[in-house]
Amino acid sequence: MPSNPYVVRPVRSHEELEQVLALQRRNLPPALSAEEQHAQGFVTVQHDLPTLERMHALAPSIVALQGSDVVAYALVMPRECRPLVPVLDPMFALLEGLEHRGRPLRDQRFYVMGQVCVDKAHRGKGLFDALYHQHREQLRPRFDCVVTEVSVRNTRSLRAHARVGFETVHTYRDATDTWAVVLWDWGAGTSR
């Protein structure tokens, strides 16, 4: 049986954050055809290095590496990151008004999955799930759940989030798209 060629762990260096940004740029809509976006998914927010460094200082993001190459990432955005990415302020404001299991989300220990991306050449190898499971392993002592938004057009991402254990808790439309707010509740006995 061949060994797993990937290591999934928290970011450890400035160079790894730079590789995250390079992978992000390759998966933004301007870099992809409409067919690729539909079939393979896409990311919607572009970060810069200083922002990622500040996010990383609050809670390290998770990367998957093949050798020294970052081939996938999942960004951690605790609520303290809200001022760092102004384009996401409406999402944070929306989350504060939502309830989950009869309790206001703002009263629960949650963080936002800032973005998840797997390089095209490494998709279908379990990395999406491995990133999220590493999140749960690393962050469960601090948080009860993780929440994020996914464009309803990004069907590949919605299916992958559901497979991991996320449930849709809200759907809404803004000026740019229709979004599904999805949440993975680690305290509800979800063992996936």
Side-chain angles (χ1 to χ4, degrees), residues 10-11 16-32 37 41-63 70 72-100 103-118 128 131-132 134-136 138-139 142-158 160-162 164-186:
V11 167
E16 289 173 0
L17 291 175
E18 289 176 336
Q19 288 187 54
V20 164
L21 290 175
L23 179 54
Q24 181 183 76
R25 283 189 299 275
R26 291 193 303 271
N27 286 279
L28 288 163
L32 303 169
Q37 290 178 47
F42 53 92
V43 298
T44 55
V45 176
Q46 185 169 4
H47 297 83
D48 59 29
L49 190 57
T51 299
L52 279 191
E53 289 170 334
R54 293 197 313 245
M55 288 168 52
H56 175 72
L58 291 166
S61 292
I62 304 299
V63 291
V70 172
Y73 65 83
L75 304 180
V76 178
M77 290 189 74
R79 287 187 256 189
E80 297 85 355
C81 290
R82 182 177 182 170
L84 301 179
V85 188
V87 71
L88 295 180
D89 192 63
M91 177 193 64
F92 278 101
L94 173 78
L95 295 176
E96 288 175 354
L98 295 180
E99 288 192 359
H100 180 252
R103 286 181 48 218
L105 192 54
R106 70 179 166 272
D107 295 341
Q108 299 182 45
R109 297 183 321 153
F110 78 91
Y111 70 96
V112 172
M113 168 56 61
Q115 190 174 83
V116 61
C117 183
V118 178
F128 183 93
L131 290 165
Y132 268 119
Q134 184 64 35
H135 266 253
R136 184 176 60 183
Q138 179 173 321
L139 298 168
R142 286 178 57 191
F143 300 100
D144 300 317
C145 60
V146 56
V147 63
T148 194
E149 292 182 327
V150 179
S151 165
V152 297
R153 294 180 301 114
N154 198 342
T155 54
R156 181 184 181 104
S157 182
L158 284 172
H161 280 86
V164 168
F166 282 81
E167 61 181 300
T168 298
V169 296
H170 184 72
T171 304
Y172 73 98
R173 175 140 186 86
D174 69 9
T176 62
D177 213 336
T178 301
W179 301 93
V181 177
V182 296
L183 182 145
W184 186 17
D185 185 349
W186 297 337

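Computed over heavy atoms, backbone and side chain alike; hydrogens, waters and symmetry mates excluded.
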Notebook entry, point to check: Heavy-atom distance under 4.5 Å between the side chains of L21 and L49, does that happen here?
Noted result: yes
Next item on the list: Just do the side chain to side chain contact (heavy atoms under 4.5 Å, CB included) check on L105 and E96 with the steps written out, would you?
Entry: CA-CA 6 Å; L105 192 54; E96 288 175 354; over 6 Å; no
Checklist line | Atom pair NE2 (H135) and OG (S61), whose distance is rounded to the nearest 0.5 Å | finding: 6.0 Å
Next item on the list: Please work out whether the ring planes of H161 and Y132 are parallel, tilted or perpendicular, with thresholds of 30° and 60°.
Entry: perpendicular
Next item on the list: Report yes or no: does D174 contribute a side-chain atom to a donor-acceptor pair with the main-chain N or O of T176 at less than 3.5 Å?
Entry: yes
Next item on the list: Identify the two heavy atoms, one from V152 and one from A180, that lie closest to each other, and give their separation to 0.1 Å.
Entry: CG1-N, 4.0 Å
Margin query: Is there a side chain to side chain contact (heavy atoms under 4.5 Å, CB included) between L75 and V116? Walk through the geometry before answering.
Written below: CA-CA 6 Å; L75 304 180; V116 61; over 6 Å; no
Item checked: Residue pair V181 / Y172, side-chain heavy-atom distance below 4.5 Å -> yes
Check: Do F110 and L95 have side chains that get closer than 4.5 Å, going by heavy atoms?
Finding: yes
Next item on the list: Apply side-chain hydrogen bond (donor to acceptor under 3.5 Å, both in side chains) to E16 and Y73, showing your working.
Entry: CA-CA 10 Å; E16 289 173 0; Y73 65 83; over 6 Å; no
Margin query: For T148 versus M113, what's the shortest heavy-atom pair and its separation?
Written below: OG1-O, 2.9 Å
Item checked: Gap separating the CE atom of M77 from the CE atom of M91, nearest 0.5 angstrom -> 6.0 Å
Item checked: CG on L17 to OG1 on T51, rounded to 0.5 Å -> 11.0 Å
Margin query: Please report the interatomic distance CG(D185) to CG(D144), rounded to the nearest 0.5 Å.
Written below: 7.5 Å
Notebook entry, point to check: Between T168 (side chain) and V182 (backbone), is there a donor-acceptor pair under 3.5 Å?
Noted result: no
Check: Step by step, would you call V146 with L183 a side chain to side chain contact (heavy atoms under 4.5 Å, CB included)?
Finding: CA-CA 6 Å; V146 56; L183 182 145; over 6 Å; no
Next item on the list: Specify the closest pair of heavy atoms between L52 and V20, including all atoms of both residues, with the distance to one decimal.
Entry: CD1-CG1, 3.9 Å
Checklist line | CA sep, side-chain torsions, deciding dist, call: R54, E80, salt bridge (Lys or Arg N to Asp or Glu O under 4.0 Å) | finding: CA-CA 10 Å; R54 293 197 313 245; E80 297 85 355; over 6 Å; no
Next item on the list: Please test V112 against F92 for side chain to side chain contact (heavy atoms under 4.5 Å, CB included), starting from the C-alpha separation and ending with a verdict.
Entry: CA-CA 9 Å; V112 172; F92 278 101; 3.6 Å; yes
Next item on the list: Of all the heavy-atom pairs spanning L158 and S151, show the shortest one and how long it is.
Entry: CD1-O, 4.0 Å
Note to self: Quick check: F143 with Y111 (ring centres under 6.0 Å apart)?
What the structure shows: yes
Check: Is there side-chain contact between R82 and L88, with at least one heavy-atom pair below 4.5 Å?
Finding: no
Margin query: Nearest 0.5 Å, please: how far is CH2 in W184 from SG in C145?
Written below: 11.5 Å
Next item on the list: For R142 and A59, work out which heavy atoms get closest and say how close.
Entry: NH1-CB, 3.8 Å
Check: Between R103 (side chain) and D107 (backbone), is there a donor-acceptor pair under 3.5 Å?
Finding: yes
Notebook entry, point to check: Which heavy atom of P10 sits nearest a heavy atom of Q138, and at what distance?
Noted result: CG-OE1, 2.8 Å
Next item on the list: Kindly say whether R106 contributes a backbone atom to a donor-acceptor pair with the side chain of R79 at under 3.5 angstrom?
Entry: yes
Next item on the list: Drop me the distance from M55's CE to L58's CG, to the nearest 0.5 angstrom.
Entry: 9.0 Å
Note to self: Looking at H100, is its backbone amide N or carbonyl O close enough to the side chain of Q108 to form a donor-acceptor pair, meaning the two atoms are under 3.5 Å apart?
What the structure shows: yes
